[in-house]
There are 2 protein chains.
Amino acid sequence: MEKEASYKDKKVITIGIVRELTGLSERQIRYYEERKLIFPERSLGGSRKYSFSDIELLMEIANKIEDGVQTFEIRQEIVRKQKKQDEKAIQKRMLQGQLNAQFGVRKR
Amino acid sequence: MEKEASYKDKKVITIGIVRELTGLSERQIRYYEERKLIFPERSLGGSRKYSFSDIELLMEIANKIEDGVQTFEIRQEIVRKQKKQDEKAIQKRMLQGQLNAQFGVRKR
DNA sequence: GCTCAAATGTGAGGTAATATAACATATAAT
DNA sequence: ATTATATGTTATATTACCTCACATTTGAGC
């Protein structure tokens, strides 16, 4: 039933690799975190860990920055997008619930 | 035309993360490399970089080791499997070549 | 059973990678 | 004009990784 969290969302990539893959400086990557655009996990020792999704997002961010968009606005866009996705997920779950009820699926 | 190398095969994961994800010790992970079961890439500084595929393979290896299979035999299995896949790839390319010839696809 | 290779742990010493913090600066927003 | 934004740079500390060597245990082959 659950859509498994695929590789794309696993936070396993260190900041140096992210730097290579995105072309951003580590300073920039950390700064975008400070501005709450991305949310890496941390290792026990404190090292940041990113996912491929994070990298994709960072590249979008980089584009917008180049277009003169400020981190402030980018954050708002991200929040809006997230909200939409959350709503979709909820609706999907509700629909699934109705179907389950309709066809008498048992919980166990 | 080219099937893009997906996230799964990108070598971006350091050995510490691999240790966490597989439960193997770093010693073991390096040893399996020495026995030519896995082939991480290296950073400029010399750090090993693994892919999710590598991690999957390592978990298979771990299982076989637990079953008492020796690295020697595991390597043979891996080689055999690789060979099969290579053959498949070649056949596919040949078939594609025939189709291209048949329907007169131009190279550019 | 004996011997040797396989597999893994552990420790030393060294380098690479990352962390935070502070200061500097150029550009852009108010 | 002043302040905030975005980024570079440098210093210092800590974490993470590297190789190499030695020790140990267990299983393979004779």
Side-chain angles (χ1 to χ4, degrees), chain A residues 10-79, chain B residues 10-55 57-80:
Chain A
K10 276 223 144 189
K11 309 241 178 184
V12 296
I13 307 177
T14 54
I15 196 169
I17 306 278
V18 175
R19 172 174 40 69
E20 286 175 21
L21 296 182
T22 61
L24 295 168
S25 71
E26 299 189 9
R27 182 70 163 90
Q28 286 175 305
I29 298 168
R30 296 197 188 99
Y31 179 67
Y32 299 151
E33 175 183 359
E34 188 183 322
R35 301 314 304 269
K36 305 207 185 306
L37 305 184
I38 43 174
F39 306 92
E41 293 180 359
R42 296 287 185 132
S43 74
L44 295 179
S47 299
R48 292 172 176 81
K49 298 186 296 182
Y50 302 86
S51 67
F52 282 111
S53 297
D54 290 331
I55 290 175
E56 287 186 3
L57 181 52
L58 278 170
M59 291 173 62
E60 289 180 34
I61 291 170
N63 284 333
K64 292 185 181 166
I65 294 278
E66 277 200 22
D67 294 349
V69 185
Q70 285 182 245
T71 55
F72 174 76
E73 313 169 53
I74 298 176
R75 176 163 65 247
Q76 292 184 330
E77 294 176 26
I78 291 177
V79 169
Chain B
K10 278 223 142 189
K11 308 241 178 183
V12 296
I13 308 177
T14 54
I15 197 169
I17 307 278
V18 175
R19 171 174 40 69
E20 286 176 21
L21 296 182
T22 62
L24 296 168
S25 71
E26 299 189 9
R27 182 68 163 93
Q28 287 175 303
I29 298 167
R30 296 198 188 100
Y31 180 67
Y32 299 152
E33 176 183 359
E34 189 184 322
R35 301 313 304 269
K36 304 208 184 306
L37 304 184
I38 44 173
F39 305 92
E41 292 180 0
R42 296 285 186 133
S43 74
L44 293 179
S47 298
R48 293 173 175 80
K49 298 186 295 181
Y50 303 86
S51 67
F52 283 112
S53 297
D54 291 330
I55 290 175
L57 181 52
L58 278 170
M59 291 174 63
E60 288 180 36
I61 291 171
N63 283 333
K64 293 185 180 165
I65 294 277
E66 277 201 21
D67 294 349
V69 185
Q70 287 183 242
T71 56
F72 176 75
E73 314 169 52
I74 298 177
R75 177 163 63 249
Q76 292 185 331
E77 294 176 26
I78 291 177
V79 170
R80 275 197 293 274

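Listed by chain and residue number, nothing satisfies the side-chain hydrogen bond (donor to acceptor under 3.5 Å, both in side chains) test with B:Thr22 (two or more places apart in sequence, or in another chain).
Where B:Glu26 and A:Arg42 meet DNA chain C, the nucleotide closest to each residue was compared, and B:Glu26 sits on the side nearer the 5' end.
Sorted by first and then second residue, the salt bridge (charged side-chain N to carboxylate O under 4.0 Å, His left out) pairs with a member in residues 14-28 of chain B read A:Lys49-B:Glu20, B:Arg19-B:Glu26, B:Glu26-B:Arg30; sequence neighbours excluded. Applying the salt bridge (charged side-chain N to carboxylate O under 4.0 Å, His left out) test to residues at least two apart or on different chains, the pairs with a partner in residues 66-79 of chain A are A:Lys64-A:Glu77.
In this model, the phosphate group of C:dA17 is approached by a side-chain N or O of B:Ser43 to a distance below 4.0 Å at OP1 or OP2. Contact annotation: B:Thr14 side-chain N/O to C:dA17 OP1/OP2 distance is not under 4.0 Å.
In this structure, A:Ile74 atom CD1 and D:dA6 atom P are separated by 8 Å, rounded to whole Å. If you take NZ of A:Lys49 and C1' of D:dT15, they are 13 Å apart, rounded to a whole angstrom. Look at CD on A:Glu34: it is 12 Å from P on C:dA22, rounded to the nearest Å.
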Would you tabulate the nitrogen or oxygen pairs shorter than 3.5 Å linking the protein to nucleotides 9-14 of chain D?
from	atom 1	to	atom 2	distance (Å)
D:dT9	O4	A:Arg27	NE	3.4

Under 3.5 Å, N/O pairs linking protein and nucleotides 4-7 of chain C:
from	atom 1	to	atom 2	distance (Å)
C:dA7	OP1	B:Thr71	N	2.8
C:dA7	OP1	B:Thr71	OG1	3.4
C:dA7	OP2	B:Tyr31	OH	2.8
C:dA7	OP2	B:Arg35	NH1	2.9
C:dA7	OP2	B:Thr71	OG1	2.5

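Here B:Arg30 lies in heavy-atom contact (under 4.0 Å) with a base.
Computed from C1' positions of five pairs at each end, the angle between the two local axes of the helix from C:dG1-D:dC30 to C:dT30-D:dA1 equals 40°, rounded to 10 degrees.
The one candidate from A:Thr14, A:Val12, A:Val18 that meets the side chain to side chain contact (heavy atoms under 4.5 Å, CB included) condition with A:Tyr50 is A:Val18.
Closest heavy-atom contact between B:Lys10 and A:Phe52: CB-CZ, 4.0 Å. Heavy atoms only, all atoms of each residue included: A:Ala62 and A:Leu24 are closest at CB-CD2, 3.9 Å.
Side-chain atoms of A:Ile29 and A:Glu33, non-hydrogen and from C-beta on, never get closer than 4.5 Å to each other.
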